[in-house]
Participant: 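Would you mind keeping the following structure in view while I ask a few things?
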2 protein chains.
Amino acid sequence: MTAVDETPKRRGRPPAGGREAILAAALRVIRERGIARLTAREVASLAGVSEASVFYHYKDRFGLLQAVFEESLRPLRELAEGGVEPGSDPRSVLSLYGHTLEDFLDGVLPVIAAAQSDAELRDSMATYMAEDDLGPHRGVRAIGDYLRAEQAAGRVRGDVDAYAVAMMFIGSCYTRSSQRQMPMADVELPPLEDVIGAMVAMLAPDQRSV
Amino acid sequence: MTAVDETPKRRGRPPAGGREAILAAALRVIRERGIARLTAREVASLAGVSEASVFYHYKDRFGLLQAVFEESLRPLRELAEGGVEPGSDPRSVLSLYGHTLEDFLDGVLPVIAAAQSDAELRDSMATYMAEDDLGPHRGVRAIGDYLRAEQAAGRVRGDVDAYAVAMMFIGSCYTRSSQRQMPMADVELPPLEDVIGAMVAMLAPDQRSV
DNA sequence: GTCTATAGGTTGATAGAC
DNA sequence: GTCTATCAACCTATAGAC
């Protein structure tokens, strides 16, 4: 699938990126077959290493899963840290943020769902997310802050709760991504562009002031 | 909830509600400990029956899980079938629908997440949902249809895509419920009332026509 | 660092008594 | 309908050779 194979340049000692291969294999198993099928046998086979190698690199199953969580959550953490550059027009800001967020969610949501399969895993991930203050509220805060700034600048109508509006926007991204996770035939949700279009229209300052 | 119980016409043989107890126990295990801990032993112990009884009533683990899925999805199916009564003001319609939806999602999302733990379960549930045409799009359709009717009646501004707006609303409910699933400390998302307030304000017909 | 082999422990599912 | 007893299959994790 992902056309990323090691270059055959290496020669001599086999550093054998087994560690990364195992992590990637684990992630792939979770996404494609579900966390219930994530056994040392399955991962090792997919990564092209032995079962024992899995335990060597990641102590136990829980350790491997934690590594998968951190790896998967990292891009989301980076997105949360980077703010939204103010000044740009709402349409481009929402479009860029929305698409970026959905792409990240598409990658992370399967892993988050997998963590729900076991109370211990769930708590571990919740702790990890709490430490970095991750979650939908970060997106709401980012977009809400941006909208408030736009309101202050008079470019967005000021009589609505900016964070409530941000909640709607983030919610539509989250739901769209969630829905893609369950491969149900040809179900159509309003695309991001439509949501942005409606939002921009509704957020326009009172026409009389133009 | 739905006060629909069978008439107690049956007589003679003792029903011994082991079947329902098993189903309830399974649902509880999934919610509290995660589907990975759903073993015949655990379920039987919680239901107060023997392990073999679990297999007697539900053939195998897969059968039990399918029963749990159908049972959990039923209320959602009923919500999807019931439309939204038009004519009522947007605030009450959105409030009633939103709260009802979130309550249902709070109960169903853990089960949907559990189904993601195994490809076979996931596909089975996807099929089931596809058959009844379940999913967020039903909520979007219901609210979108309502908003279009309001637009036609001139009670809602007509220059926005009703279904895009509905998507925002359903999305905010879905995301809020999803977020409650992961017990992270004291994370605050804008409450339903704030979203409805902003939406009502933004959907008001052009002031000039008043 | 990576392998083979295996110990040790759970689990799903069945058989047969009551 | 429900139970006890049991087994084959599977999984995690470790030990020790290369």
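Lettering follows sequence order; numbering is per chain, from 1. Fair warning: this is a prediction, and the values are worked out from it, not measured in the lab.
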Participant: Would you tell me if any nitrogen or oxygen in the side chain of A/Ser50 comes within less than 4.0 Å of OP1 or OP2 on C/dT2?
Facilitator: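 For C/dT2, neither OP1 nor OP2 has a side-chain N or O of A/Ser50 closer than 4.0 Å.
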
Participant: Which heavy atom of A/Arg157 sits nearest to which heavy atom of A/Val160, and what is that distance?
Facilitator: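 Reported closest heavy-atom pair: O-CG2, 3.9 Å.
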
Participant: Report all interatomic pairs (protein N or O, nucleotide N or O of nucleotides 11-17 of chain D) with separations under 3.5 Å.
Facilitator:
residue : atom : partner : partner atom : Å
D/dT12  : OP2  : A/Ala40 : N            : 3.0
D/dA13  : OP2  : A/Arg61 : N            : 2.8

Participant: Verify side-chain contact (heavy atoms from CB on, under 4.5 Å) between A/Ile30 and A/Leu65, making sure each step is shown before the conclusion.
Facilitator: CA-CA 10 Å; A/Ile30 288 177; A/Leu65 286 171; 4.0 Å; yes

Participant: Minimum heavy-atom separation for B/Ala164 and A/Asp194, please, with both atom names.
Facilitator: CB-O, 3.5 Å

Participant: CD1 of A/Ile22 versus P of C/dG1: gap in Å, rounded?
Facilitator: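 To the nearest whole Å, that distance equals 12 Å.
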
Participant: How many Å lie between OH on B/Tyr58 and P on C/dA13, as a whole number?
Facilitator: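 Those two atoms, OH and P, are 15 Å apart.
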
Participant: May I have the distance from B/Arg37 (atom CZ) to C/dG12 (atom P), rounded to whole angstrom?
Facilitator: 13 Å

Participant: Got a list of side-chain donor-acceptor pairs under 3.5 Å for residues 78-87 of chain A, not counting sequence neighbours?
Facilitator:
residue : atom : partner : partner atom : Å
A/Glu81 : OE2  : A/Arg77 : NH1          : 3.4

Participant: Can you name the closest pair of heavy atoms from A/Ile35 and A/Ser117 and give their distance?
Facilitator: CG2-OG, 3.5 Å

Participant: Flag this pair as yes if the NZ/CZ of B/Arg19 is under 6.0 angstrom from the six-membered ring centre of B/Tyr58 and inside a 45 degree cone about the axis; otherwise no.
Facilitator: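 Output yes; distance and angle both within limits.
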
